[in-house]
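Report on one structure; see the data block that follows.
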Amino acid sequence: LRTEVVFGNGNDGDIVFPEEVRMVRPLTVMQFGTGTYNFNSQTGEFENVSGMLKSRYFVSEHADIYPDRTELRNASIAEDESLMSEGRRPIFRIDAPSVTIIPNEKMTLNRPALYLGPHKLIQLSSYTTSLKPEDQESKFPFPKVGYDNDRGFFISYSQPFLLPGGVYFRAWGG
């Protein structure tokens, strides 16, 4: 944790951050508005969270820090840096009421919704993606936007779904 000003008690480990705080981990940079942290228990609470997580930008109202994870409340994630600008929303974004980040392991978004501008395109019960540094293929599920001569302007999106045991599909040709 890095900041300019802190107040605290070295005996009980309680620290108050009255100004912006920065946390840097591999593939993750988080900035917090104000908050508290206890160095003995390695737990904390921060407001107005923003940052970059595996080349994606995010903002959140609140973060709870634990030794093994970070939990965000009311988070938005986007590929576009405009998410970091106050009052702006990128064309595509994912909003989730809660997000659990286990550093260098995985991130789980609970009830994430994919938005195109103000319109909700899809909502899932949860979505988990890898945060392992060596896993370069793991990506957040953002749609592809483009133009080609056959289809014109298009938006394509693919999301794998796990089917319960005993469920199968049969395809017919035509």
Side-chain angles (χ1 to χ4, degrees), residues 1-4 6 15 17 19-39 41-118 120-145 155-162:
L1 297 171
R2 298 177 186 166
T3 189
E4 295 291 321
V6 297
I15 305 294
F17 296 94
E19 294 182 2
E20 190 172 274
V21 181
R22 189 173 172 100
M23 179 190 297
V24 179
R25 292 182 172 154
L27 301 176
T28 307
V29 175
M30 291 186 184
Q31 292 181 186
F32 309 104
T34 59
T36 60
Y37 190 80
N38 185 286
F39 281 99
S41 65
Q42 297 180 1
T43 60
E45 289 187 43
F46 294 92
E47 303 299 324
N48 302 319
V49 184
S50 64
M52 192 165 147
L53 180 65
K54 201 167 183 181
S55 76
R56 299 296 190 256
Y57 299 94
F58 70 91
V59 294
S60 174
E61 292 177 0
H62 182 89
D64 292 311
I65 308 293
Y66 300 97
D68 61 339
R69 70 190 185 284
T70 299
E71 295 184 3
L72 304 176
R73 283 191 237 148
N74 298 322
S76 293
I77 301 169
E79 293 179 317
D80 185 352
E81 188 177 9
S82 71
L83 180 68
M84 308 293 275
S85 301
E86 189 172 326
R88 294 195 55 205
R89 290 283 185 216
I91 292 175
F92 289 108
R93 74 179 191 282
I94 295 174
D95 288 352
S98 68
V99 176
T100 301
I101 300 169
I102 300 176
N104 300 321
E105 281 297 316
K106 65 181 179 178
M107 177 175 68
T108 301
L109 292 85
N110 297 303
R111 297 192 38 76
L114 176 66
Y115 284 86
L116 169 63
K120 186 188 303 185
L121 298 178
I122 187 172
Q123 183 159 9
L124 303 172
S125 60
S126 70
Y127 181 82
T128 300
T129 188
S130 173
L131 295 179
K132 294 180 181 178
E134 67 275 5
D135 186 1
Q136 298 301 319
E137 294 300 314
S138 176
K139 293 192 175 189
F140 296 107
F142 286 98
K144 306 282 187 270
V145 178
I155 299 172
S156 66
Y157 177 80
S158 66
Q159 171 64 49
F161 291 94
L162 294 175

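As a basis for the values below, the full set of heavy atoms in this structure was taken, side chains included, without hydrogen atoms, waters or symmetry mates.
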- Message: Show me the pairs that pass salt bridge (charged side-chain N to carboxylate O under 4.0 Å, His left out) and involve residues 94-103, at least two apart or across chains.
- Response: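 For residues 94-103, and leaving out neighbouring residues, the salt bridge (charged side-chain N to carboxylate O under 4.0 Å, His left out) pairs sorted by first residue read Arg93-Asp95.
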- Query: Which residue pairs pass the salt bridge (charged side-chain N to carboxylate O under 4.0 Å, His left out) test with at least one member in residues 99-116, sequence neighbours excluded?
  - Reply: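 Listed once each, the pairs would be none.
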Can you measure from [atom1] ([X]) to [atom2] ([Y]) and round to the nearest 0.5 angstrom?
X      : Y      : atom1 : atom2 : value
Ile101 : Leu131 : CD1   : CG    : 7.0 Å
Leu114 : Tyr127 : CG    : OH    : 11.0 Å
Gln42  : Asp68  : CD    : CG    : 10.0 Å
Phe46  : Met30  : CZ    : CE    : 10.5 Å

Decide yes or no for [X] and [Y]: does some side-chain heavy atom of the first lie under 4.5 Å from some side-chain heavy atom of the second?
X      : Y      : answer
Leu116 : Phe92  : yes
Arg22  : Val29  : yes
Arg56  : Thr129 : no
Pro67  : Thr43  : yes
Phe32  : Val49  : yes
Glu47  : Glu61  : no
Glu45  : Tyr37  : no

- Query: With sequence neighbours left out, what residues match Pro118 under side chain to side chain contact (heavy atoms under 4.5 Å, CB included)?
  - Reply: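 Side chain to side chain contact (heavy atoms under 4.5 Å, CB included) check on Pro118 returns nothing, list empty.
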Contact summary for [X] and [Y], nearest pair of heavy atoms:
X      : Y      : answer
Ala96  : Asn110 : CB-O, 3.7 Å
Ile94  : Pro112 : CG2-CB, 3.8 Å
Ile102 : Arg69  : CG1-CB, 4.2 Å
Met52  : Tyr57  : SD-CE2, 3.9 Å

- Query: Just by modelled atom types, is the Val59 backbone N or O under 3.5 Å from a matching donor or acceptor in the Ser50 side chain?
  - Reply: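 No; zero donor-acceptor contacts below 3.5 Å.
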- Query: Is a side-chain donor or acceptor of Thr3 paired with a backbone partner of Glu20 at a separation under 3.5 angstrom?
  - Reply: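 Yes; at least one donor-acceptor contact below 3.5 Å.
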- In sequence, state the C-alpha distance, the side-chain angles, and the governing distance for Ile77 and Leu109, and then conclude on side-chain contact (heavy atoms from CB on, under 4.5 Å). CA-CA 10 Å; Ile77 301 169; Leu109 292 85; 3.6 Å; yes
